[in-house]
*Asks:* 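Just dropping this structure here.
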Amino acid sequence: EPHVVYDLKGTTEDRWVYPRPGLVLKDLNFADKIIGIADFRHKMELVSSLRGDIRFLRNHDIMDYSVCLGVHYCDGDCHAPAEQLARTPGLSSALTVFRGFEPNFQCTLVRDQAARRVIYYFGIID
């Protein structure tokens, strides 16, 4: 289960909320975060999945959608269930799940900095 959930629209107008437990955060709450997915293949799968979802929405003239991003912070050895990580090739995703990391410091120039292990949940919502 995600500890934090973001509703990302790609705009800044009215896209910040005061963070409190259980509240879905918005674009400006996410602005200083970095999504860390170390495996290049997984990065490309994510991009492909999101592009497929967006293409589907565009083809059906659906304009008002968001990327829903859930972040689960791992304590110790943390793994997403295998059935969540598996996807059917060629289908648009309802949910895409990846293991990753969130840097402790927001500096993209430092490659070996300390980071928290996380599980990312991505999906497109209307």
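FYI, the numbering just counts along the sequence from 1.
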*Asks:* So, for Arg15 and Asp27, which heavy atoms are closest and what is the spacing to 0.1 Å?
*Replies:*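 Scanning both residues, the minimum pair turns out to be NE-OD1, 2.7 Å.
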*Asks:* Please find the pair of heavy atoms, one from Pro2 and one from Tyr121, that lie closest to each other, and give the distance.
*Replies:*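 Nearest pair, atom of Pro2 first, then Tyr121: CG-CD1, 3.9 Å.
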*Asks:* What's the spacing between Arg55 CZ and His60 NE2 if we round to 0.5 Å?
*Replies:*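 Answer for the CZ-NE2 pair, Arg55 versus His60, is 12.5 Å.
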*Asks:* In chain order, what residues pass the side-chain contact (heavy atoms from CB on, under 4.5 Å) check against Val24, with sequence neighbours excluded?
*Replies:*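 By the side-chain contact (heavy atoms from CB on, under 4.5 Å) rule, Val24 matches Val5, Asp7.
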*Asks:* What distance do Phe122 atom CZ and Asp53 atom CG have between them, rounded to the nearest 0.5 Å?
*Replies:*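 Reported value, rounded in 0.5 Å steps: 12.0 Å.
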*Asks:* Between Tyr120 and Ile35, what is the shortest heavy-atom contact and its length?
*Replies:*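 Scanning both residues, the minimum pair turns out to be OH-CA, 3.6 Å.
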*Asks:* Show your reasoning for whether side chain to side chain contact (heavy atoms under 4.5 Å, CB included) applies to His42 and Leu46.
*Replies:* CA-CA 6 Å; His42 289 160; Leu46 172 60; over 6 Å; no
*Asks:* Parallel, tilted or perpendicular, judged at 30° and 60°: which one describes the rings of Phe30 and Tyr6?
*Replies:*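 Aromatic pair Phe30/Tyr6 classed perpendicular.
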*Asks:* Could you tell me which residues satisfy side-chain hydrogen bond (donor to acceptor under 3.5 Å, both in side chains) with Asn29, sequence neighbours excluded, listed by chain and number?
*Replies:*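 Here no residue qualifies.
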*Asks:* Hydrophobic side-chain clustering at under 4.5 Å (ILVMFWY, transitive links): who's grouped with Tyr18? Put none if nobody.
*Replies:*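 Hydrophobic cluster check, Tyr18: joined to Trp16, Leu28.
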*Asks:* Hydrophobic clustering (ILVMFWY, side-chain heavy atoms < 4.5 Å, transitive) - are Ile34 and Met44 grouped together?
*Replies:*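 Different clusters: Met44 never reaches Ile34 through Ile, Leu, Val, Met, Phe, Trp or Tyr contacts under 4.5 Å.
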*Asks:* With rounding to the nearest 0.5 Å, note down the distance linking CG in Leu8 to CD1 in Ile124.
*Replies:*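 These two atoms lie 10.0 Å from each other.
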*Asks:* Measuring from Asp14:CG to Lys26:NZ, what's the distance to the nearest 0.5 Å?
*Replies:*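 Asp14 atom CG to Lys26 atom NZ measures 5.0 Å (nearest 0.5 Å).
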*Asks:* Can you list everything that forms a salt bridge (charged side-chain N to carboxylate O under 4.0 Å, His left out) with Asp64? Sequence neighbours excluded, please.
*Replies:*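 In terms of salt bridge (charged side-chain N to carboxylate O under 4.0 Å, His left out), with neighbours along the sequence ignored, Asp64 is linked to Lys9.
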*Asks:* Give me the atom names and distance for the closest heavy-atom approach of Leu25 to Pro19.
*Replies:*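 The answer is CD2-CA, 3.8 Å.
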